[in-house]
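Notes follow the structure.
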Amino acid sequence: MSAQKVGFYGHVRQYHNLKAELDAAIHGVLESGAYVLGPRVKQFEEELARYCAMRHAVGLNSGTDALWLVFIALGLGPGDEIITTSNTFFATAEAIWLVGATPVFVDIDPNTRNIDPKLIEAAISPRTKAVVPVHLYGQPADMKAISAIAKKHKLRVIEDCAQALGARGADFAIGELSDAVATSFIIQKNLGCFGDGGAVITNDTALTAQIAKLRNHGSPKRSHHSIGYNSRLDEIHAATLSVKLKYLDRWSDRRIEIAKKYDTALAGTSLQLPVTLTGYRHVNHLYVVETDARDHLQAHLDAQGITALTHYPIAIHQQDGYPWGRPARISGSLKHTERSAARVLSLPMYPELTDEEVSRVIEAIVAWDKTQAGKAQKVAS
Ligand SMILES: *Cc1c(COP(=O)(O)O)cnc(C)c1O
């Protein structure tokens, strides 16, 4: 069988599908002469805020900076503890360390792989100032429960929404129950530009002004109110993001459609499948299955020309050298985080996947599931 490979990313297909629009947008920026903090960033910020049904958005040069600058603007720093999870992309904790604060890791709910709100109160100390839930894989964390705890203990809440733009909870929207939302536009995210980009989205006008200053050397115009940084979203990226934002809901719908195909076809296998909570819009940034034979399945798929990756195979607290001389605290056991890290496998998931490709992935997994490695999982679980 000489079947085509099934890759992990659809960026180039996405570009080809929108080539005329994207090329025109980029060309327009080149001809305009305005490349930094010009009209396109402003326009995209307005569109993004409207898309999120929020008042403000500030374009920045990455999702990492979005988290970091919110922490700075909220006055978080050395001695402060910020509760989050160890089952996330490294940048979530990195931004906490960058401001000199202490990440406090609590375990995940093994079904959603998001922070388990039931474990948050036990992690709170007199130094705790904030909680950073991560909407991992595209499904919002339980913001109702998290914000109730935050209100009771007067904690800030900053949502790491790098993977979940366009998602919703059953009875809450992203941004509705927090101080600010941080997101990323690096190309592999659901809304990606042709390089690095990020944004903070918030209803807080003062916070918006503060972050807008911090991203531009502490300067709203020509005067410098404070020491700041250089963390701007570029005009070229903003122009392409404005084009792509119009398609985001359609792309999310296609991701959900592919997830349903996987759900249905793989339900009878030994794999632990992702759980979408009732009433949630899970935008399936990643479709992450779990199995004790993860490496075996990954190699099997690779041999069939299908790329599956791992997000994230090493939890942050298990990284080599952790915590690199920085403050850190683990609250209770992280057994679900550690078990998940050893078992996760992300299947190809992007709107440009064809139905034939989805079927190829499914057939390869079903065939593997009938082999010894697959059968052994059934006995073990
Ligand atoms: C991608 C990502 C980030 C960081 O965004 P960058 O734009 O790459 O800096 C932070 N948190 C999570 C959960 C992410 O997936």
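Both ligands and their constituent atoms are indexed starting at 1 by order of listing.
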Distance filter under 4.0 Å to [X] heavy atoms, resulting ligand 1 atoms:
X	value
T88	13 (C)
V134	13 (C)
G63	5 (O), 6 (P), 7 (O), 9 (O)

**Message:** Out of the candidates I72, N216, N61, only one should pair with Y229 under the side-chain contact (heavy atoms from CB on, under 4.5 Å) rule; please name it.
**Reply:**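 Running side-chain contact (heavy atoms from CB on, under 4.5 Å) over I72, N216, N61 with Y229 returns exactly one hit, I72.
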**Item:** Region of T64 engaging ligand 1 - heavy atom pairs below 4.0 Å
**Value:**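 T64 to ligand 1: contacts from backbone and side chain alike.
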**Item:** Part of S62 within contact of ligand 1 (heavy atoms, under 4.0 Å)
**Value:**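 Both backbone and side chain.
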Can you find a heavy atom in the side chain of [X] that is under 4.5 Å from one in the side chain of [Y]?
X	Y	answer
T269	T291	no
R250	P351	no
D109	H336	no

Quick one: look up the protein heavy atom nearest [atom] and list residue, atom name and how far away it is.
atom	result
atom 15 (O) of ligand 1	Q163 NE2, 2.9 Å
atom 1 (C) of ligand 1	K189 NZ, 1.5 Å
atom 11 (N) of ligand 1	D160 OD2, 2.7 Å

**Prompt:** Would you call the rings of H317 and Y322 parallel, tilted or perpendicular if under 30° counts as parallel and over 60° as perpendicular?
**Reply:** perpendicular
**Aromatic ring pairing W324/W97, orientation class (parallel under 30°, perpendicular over 60°, tilted between)** =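 Aromatic pair W324/W97 classed perpendicular.
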**Prompt:** Cluster question for you: counting only ILVMFWY and a side-chain heavy-atom cut-off of under 4.5 Å, with indirect links fine, are F185 and L60 together?
**Reply:** no
**Identity of the nearest option to atom 7 (O) of ligand 1, non-hydrogen atoms only, from A93, A182, S184** = S184
**Request:** Tell me, please: is D196 in heavy-atom contact with ligand 1, that is, under 4.0 Å?
**Result:** no
**Prompt:** Does H135 come within less than 4.0 Å of ligand 1, judged by its heavy atoms?
**Reply:**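 Heavy atoms of H135 never come under 4.0 Å of ligand 1.
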**Message:** Donor-acceptor pair, distance only, cut-off 3.5 Å: does the side chain of D116 make one with the backbone of D107?
**Reply:** no
